[in-house]
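The structure appears right after this line, and notes come after that.
Values below: every heavy atom of this structure, side chains too, minus hydrogens, waters and symmetry copies.
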Amino acid sequence: MKINLIGERLDSIKHTIFHNRGIGIDKLAQYTINGVDCIESPLSLGEQDLKDGLRKLAKALKNKERILVIVDSDVDGFTSASILMNYLYRTGVKHSTGNIDFALHDGKQHGLTDMMETIIKGEYKLVLSPDGGSNNFEEHEALKQKGIELIVLDHHETEFEKDYPFTIINNNKIVDGVKNKCNPFLSGAAIVYKFCKYIDSYFGWNFADEFKDLVSLGVCADMMDVTNIETKQIIFQGLKQGAIKNPFISEIATANSFQFKKDGFKPSIYNELEITPIASSFYISPIINAICREGTLEEKSIVFKGLLEEFGNEMVISNKRGAKGELEKYATQAVRTAKRVKDRQKRETQKAMEVLEPYLEEGLKHNALIIFLEDGGFNKALNGLIANKFAEMYQRPCIIAEKTKIDGKECYSGSARGYKTLSDFKETVASTGLSFFQAGHPNAFGVGVEVDKAEEFVKALNKKLEVKEEIVYDVDYIFDADELNEEIIYEFEDFNDYIGKNFERPQIYVQNITYSSDNFKEYNKCCKIEKDEYKILIWTSTIKDGDLEKLKQGGTINIVCNANRSEYQEAIYPQLTIIDYEIVQTARKFGTVEVEDDFDF
């Protein structure tokens, strides 16, 4: 087990952790104090683009033209579109015109491509495309030819020339080779929020800030860099106590209040957060993602409307079993629908994994589990989920792809997931030179391989994976077991509020932990080592083959772990949760005496 100490110890744990994540002491107050002075003006997006967007919107509203808001198929898409719809509803223009509709993709599509027929048949005169559409250049031109105006409110990188005749409000656009100077770490929800703030400033309104909870949810779900001061402030402003007003989010927060307080997810006492960013990502985003991945159009519509003030707070007849005739909020029904779909997704995922069992015997002979299917017979949107589960189960990277046609090429297209032994599986796949696309994150991405190159690709990838990367754990501190106490361990929990993209949960290396077999407790899904000053938790899934019996004997171990405050029932105690470990020595019992096992035999 190799470790890398990120930096040297500064004068405090707080200063060390922030410094190790690129936030120096000089910026600490600005980063940790919750204020709005760090949030850039909407004008940073480009004043002319904002003016053009407002002009097009105002014209369509004045002429009572039909307006369509496209809802992209992920959490950022749902939140972006709902912010826009809620804003127009709150200002009163939606109520006064009655001509503003929304449209949902029937699958996991993004952007304008599959929406063109809906737009044209619906005789819409203005299309608003939040969180997508920047790169649909053919569709832009087609809409222009039909006399349909377009406003794109997006964050995905795009590039075009200065005289491009469409309104693309985007923090990551490159015009004539020059990149926008706006904060690049804002998702679609934040771009829509800034557009609404611009409209507020033009008319002297103050409506946009009412939807900060939706902005935070979208930004967290799209894994924006939380070490950026503005991005962090936007997140905090929407998750602090009193800011969560959206009916759907409020319902989920109430239903998951216990989960939000679990070890590693609960807010600190300092920032007055209702929900931590990491809890938002773990307990709210997956529910909406399940709807996007597995829901029918009707179910998607129910959930999206649950995010809208116009419907979410409305009292409707309950559809809950055993509650016939009772009234409840529409948002309550929407949350129930979303959870039902998530449960269905779980069952469908299990069925799909069973379908794939016959492929495992051959696949597990190799360094990567690669499954190329003629027809999986299950929802392709589940490929990523299943690949992730297989990667964890079989401790190797995984690719699941099905035969299809892309740009006339017969290929296998699907999802790839890395394993913790790889720093960048996407780069490893690309380095074979045999995949024609790989797009996404280093260890979670989409991949395409031409059918006639598939066999060669499998051989080449497994050859590259023969050279095993040794896992190196980045740690913030190295402690001897005797150095740790309750006060030090609790200090590490104060960072729960900040954990997100590029602000990793603090990890520490603790060496020379000595314990007896009497201190080792085995439970259903975990084991615990009880020391005088703290307890050590190790999940059963973390224990390597053959090590359980050795650990039971007691001895000396070194561990990489997280430190936190554990609360179970009324018991509160400091705890180290093991990420990885190495057994230095085991103890063997002779009568009632334990001795260290360092004999030569």
Side-chain angles (χ1 to χ4, degrees), residues 68-90 94-95 100-106 108 128 130-131 188-189 192-193 196 207 210-222 238-239 243-257 259-260 274-275 279-321 323 326-345:
L68 183 67
V69 176
I70 294 174
V71 186
D72 225 47
S73 285
D74 58 20
V75 180
D76 194 33
F78 266 52
T79 52
S80 299
S82 60
I83 293 164
L84 195 52
M85 294 287 288
N86 282 331
Y87 183 82
L88 295 174
Y89 178 75
R90 184 68 72 91
K94 184 180 187 302
H95 179 73
I100 304 174
D101 299 327
F102 65 84
L104 295 145
H105 299 279
D106 60 1
K108 276 284 285 180
L128 293 139
D131 190 38
V192 173
Y193 167 68
C196 295
F207 296 120
E210 294 297 308
F211 312 113
K212 286 182 178 178
D213 49 356
L214 287 166
V215 182
S216 295
L217 180 56
V219 171
C220 289
D222 240 38
L239 296 181
I244 298 174
K245 301 174 181 178
N246 183 268
F248 185 88
I249 299 177
S250 296
E251 284 289 325
I252 295 182
T254 301
N256 288 279
S257 59
Q259 298 290 347
F260 293 158
E274 187 77 23
I275 303 170
S280 166
S281 298
F282 268 75
Y283 294 110
I284 300 178
S285 295
I287 292 175
I288 299 175
N289 267 328
I291 275 287
C292 296
R293 189 181 289 116
E294 184 73 17
T296 64
L297 268 176
E298 182 184 2
E299 288 166 334
K300 289 179 182 180
S301 180
I302 290 170
V303 170
F304 182 70
K305 287 166 73 174
L307 290 163
L308 304 182
E309 287 186 345
E310 181 179 0
F311 302 101
N313 289 314
E314 184 182 348
M315 299 303 293
V316 295
I317 296 174
S318 176
N319 60 3
K320 185 178 180 181
R321 188 178 301 171
E326 295 179 12
L327 293 177
E328 63 181 357
K329 278 187 180 180
Y330 187 93
T332 305
Q333 284 192 16
V335 169
R336 188 182 306 120
T337 299
K339 287 185 173 181
R340 187 168 61 241
V341 172
K342 191 170 187 301
D343 289 342
R344 186 172 73 226
Q345 175 186 270

Given Arg90 and Glu210, is the salt bridge (charged side-chain N to carboxylate O under 4.0 Å, His left out) satisfied, shown in steps? CA-CA 9 Å; Arg90 184 68 72 91; Glu210 294 297 308; 3.8 Å; yes
Any donor-acceptor N/O pair, [X] side chain to [Y] backbone, under 3.5 Å:
{"X": "Asp131", "Y": "Gly77", "value": "yes"}
{"X": "Asp76", "Y": "Ala189", "value": "yes"}
{"X": "Gln333", "Y": "Ile317", "value": "yes"}

Are Phe311 and Met85 close enough, and set up right, to give a side chain to side chain contact (heavy atoms under 4.5 Å, CB included), and what steps lead you there? CA-CA 11 Å; Phe311 302 101; Met85 294 287 288; over 6 Å; no
Quick check for you: to the nearest 0.5 Å, what is the distance between [X] atom [atom1] and [Y] atom [atom2]?
{"X": "Asn313", "Y": "Tyr330", "atom1": "CG", "atom2": "OH", "answer": "12.5 Å"}
{"X": "Thr79", "Y": "Asn86", "atom1": "OG1", "atom2": "CG", "answer": "11.0 Å"}
{"X": "Cys220", "Y": "Ile284", "atom1": "SG", "atom2": "CD1", "answer": "9.0 Å"}
{"X": "Phe78", "Y": "Asp72", "atom1": "CZ", "atom2": "CG", "answer": "9.5 Å"}
{"X": "Ile83", "Y": "Leu307", "atom1": "CD1", "atom2": "CG", "answer": "10.0 Å"}
{"X": "Leu88", "Y": "Cys196", "atom1": "CG", "atom2": "SG", "answer": "7.0 Å"}

Could you check Val341, Val75, Thr296 and say which one makes a side chain to side chain contact (heavy atoms under 4.5 Å, CB included) with Ile291?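 When side chain to side chain contact (heavy atoms under 4.5 Å, CB included) is applied between Ile291 and each of Val341, Val75, Thr296, only Val341 qualifies.
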Would you name the heavy atoms of Lys300 and Ser73 that are closest together and state the gap between them?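 Lys300 and Ser73 have their closest heavy atoms at NZ-OG, 4.5 Å.
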Determine the minimum heavy-atom distance between Leu217 and Ser285, stating which atoms define it.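 Between these two residues, the closest heavy atoms are CD1-OG, 3.7 Å.
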Test side-chain hydrogen bond (donor to acceptor under 3.5 Å, both in side chains) on Thr332 and Glu251 and set out the steps. CA-CA 6 Å; Thr332 305; Glu251 284 289 325; 3.2 Å; yes
